[in-house]
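Worksheet for the structure shown next.
Sequential numbering from 1 along the given sequence is applied to the chain's residues.
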Amino acid sequence: MTPTTDFSIRTLIGGYDNNFTYIITCNITRRQIIIDASVKWEMVKPYINSYPITLVITHTHKDHIAYLKEFALARPNLKIIGHQNSEKLFSNYNFQLIQDSQSFNIGQINIEAIYTPGHYFDSICYLIGNVLFTGDTLFVGRTGRVLSPKSNIVDLYDSVYNKLLLLPHNTRIYPGHNYGKKKSITIGDNIKISPLLQANTFNDFKLKMTEYEKMRSPGS
């Protein structure tokens, strides 16, 4: 039987591009996990009450692991969880690889990893109950972009349309950047406001992505 419990989410904004780092606390055991090392440790430290703590990585673009060394120096026994494709980047750390659909527990919080390549080759979303931490795969109002050398629009379409949009539409997403008009949104409401989530086919999605890039304003 999957453990369930109430949990709290603290959202921190900073980093290089309005990045989010999240602190999730199990309200029964007080154990904590951190989503991405995108802000300085000094911002995170006042809210940490658990020892040890676990850091989970949504993907290894530099802004999402920018302060990894600071985190590890502050907490030498820090456990880091990420996709097996990025294992070499964490060879000097206490790293545990995670695979698609694999679950793990922090306290009584059950977390399921959903491998979502596309924006980047090692992108993972993390599902806790009806809450989904999406990194740069899905934002409020749009999907992630596919401009990096290890990005792939075919993979992104598959990840978004054949994995994330199949989740219950009351699932609430917490993205990796503060790009939208609000910090968080349900999948159902996101579909309503985002043309990139209304494509009928892959070719339609590709066309919508091309149009988005033409019309995109900086910082959006």
Side-chain angles (χ1 to χ4, degrees), residues 10-24 32-45 47-48 53-76 78-100 111 113-126 132-156 159-160 164 173-180 183-184 196 209 212-213 216-220:
R10 182 174 293 276
T11 303
L12 304 176
I13 303 176
Y16 288 87
D17 185 19
N18 286 323
N19 288 76
F20 287 127
T21 284
Y22 300 100
I23 305 170
I24 299 94
Q32 294 176 299
I33 62 173
I34 301 172
I35 309 286
D36 285 341
S38 299
V39 303
K40 293 183 177 182
W41 174 254
E42 64 185 26
M43 289 183 63
V44 176
K45 183 180 178 180
Y47 308 109
I48 297 299
I53 56 174
T54 300
L55 171 69
V56 298
I57 304 296
T58 62
H59 65 297
T60 55
H61 271 150
K62 290 182 179 179
D63 55 325
H64 291 262
I65 58 173
Y67 299 101
L68 177 62
K69 189 174 182 179
E70 277 190 21
F71 282 37
L73 287 173
R75 290 296 179 95
L78 179 73
K79 179 191 289 186
I80 300 167
I81 293 177
H83 194 266
Q84 58 185 357
N85 289 347
S86 51
E87 184 174 13
K88 291 182 180 179
L89 295 175
F90 300 105
S91 59
N92 295 325
Y93 298 94
N94 178 19
F95 179 74
Q96 177 182 324
L97 60 86
I98 194 81
Q99 298 180 356
D100 187 32
I111 303 106
I114 304 175
Y115 181 43
T116 54
H119 171 74
Y120 209 45
F121 74 103
D122 61 355
S123 292
I124 295 181
C125 296
Y126 296 93
L132 183 69
F133 297 91
T134 56
D136 288 3
T137 298
L138 192 60
F139 295 115
V140 174
R142 67 173 177 89
T143 69
R145 302 168 73 195
V146 285
L147 303 181
S148 301
K150 294 183 180 181
S151 299
N152 185 293
I153 193 170
V154 175
D155 287 344
L156 180 64
S159 293
V160 170
L164 301 189
I173 72 163
Y174 286 79
H177 293 266
N178 188 23
Y179 286 160
K183 295 176 183 177
S184 177
L196 288 174
M209 182 68 84
Y212 165 77
E213 291 293 348
R216 190 184 78 90
S217 58
S220 65

Task: Option among F121, Y115, Y120 that satisfies the ring pair (Phe, Tyr, Trp, His ring centres under 6.0 Å) test with H83 - done: Y115
TODO: Identify the heavy atoms of Y47 and I23 that sit nearest to each other, and give their distance.
DONE: CB-CD1, 3.7 Å
- [ ] Could you tell me whether the side chains of T116 and T137 share a donor-acceptor contact shorter than 3.5 Å?
- [x] yes
Task: Nearest-0.5 Å distance that lies between atom CZ in R145 and atom CG in L196 - done: 11.0 Å
Task: Point-to-point distance, once rounded to the nearest 0.5 Å, from CD1 of I80 to CD of E87 - done: 12.0 Å
Open item on the list: Is any side-chain heavy atom of N18 closer than 4.5 Å to one of I13?
Closed with: yes
Task: Straight-line distance of I53 CD1 to R75 CZ, nearest 0.5 Å - done: 5.0 Å
TODO: Please round to the nearest 0.5 Å and tell me the distance separating atom CD of E70 and atom CG of L78.
DONE: 12.5 Å
Task: Exercise: identify the closest heavy-atom pair between I35 and L55 - done: C-CD1, 4.5 Å
Open item on the list: To the closest 0.5 Å, what do you measure between CG (D136) and OG (S123)?
Closed with: 7.0 Å
Task: Least distance between heavy atoms, D36 atom then F71 atom - done: O-CE2, 4.4 Å
Open item on the list: Test your reading of the model: is there a side-chain donor-acceptor pair from H177 to the backbone of F139, 3.5 Å cut-off?
Closed with: no
TODO: Assess the side chains of Y67 and N19: does a donor N or O sit below 3.5 Å from an acceptor N or O?
DONE: no
TODO: Would you indicate whether the side-chain heavy atoms of K183 and V140 approach each other to under 4.5 Å?
DONE: no
TODO: Just jot down the ring-ring contact (aromatic ring centres under 6.0 Å, His included) partners of H59, sequence neighbours excluded, or say none.
DONE: H61, H64, H119
Open item on the list: Could you check whether any side-chain N or O of S159 sits under 3.5 Å from a backbone N or O of P117, counting only pairs where one atom can act as donor and the other as acceptor?
Closed with: yes
Task: Closest non-hydrogen atom pair, S86 against T60 - done: CB-CG2, 3.7 Å
Could you tabulate the donor-acceptor pairs under 3.5 Å formed by side-chain atoms of residues 37-45, not counting sequence neighbours?
residue	atom	partner	partner atom	Å
S38	OG	D63	O	3.3

- [ ] Please step through side-chain contact (heavy atoms from CB on, under 4.5 Å) for the pair I111 and V56, ending with a clear verdict.
- [x] CA-CA 10 Å; I111 303 106; V56 298; 6.0 Å; no
Task: F90 side chain reached by L97 side chain, heavy atoms, under 4.5 Å - done: no
TODO: Specify whether F20 and Y22 have parallel, tilted or perpendicular ring planes, treating 30° as the upper limit for parallel and 60° as the lower limit for perpendicular.
DONE: tilted
Task: Given I33, I114, L132, T58, the one that forms side-chain contact (heavy atoms from CB on, under 4.5 Å) with Y126 - done: T58
Task: Reported OG1-to-CD1 distance for the pair T54 and I81, which is rounded to 0.5 angstrom - done: 5.5 Å
Task: Beyond-backbone contact of K62 with Y16, side-chain heavy atoms, under 4.5 angstrom - done: no
- [ ] Would you check if Q32 and I34 make a side-chain contact, meaning some heavy-atom pair closer than 4.5 Å?
- [x] no
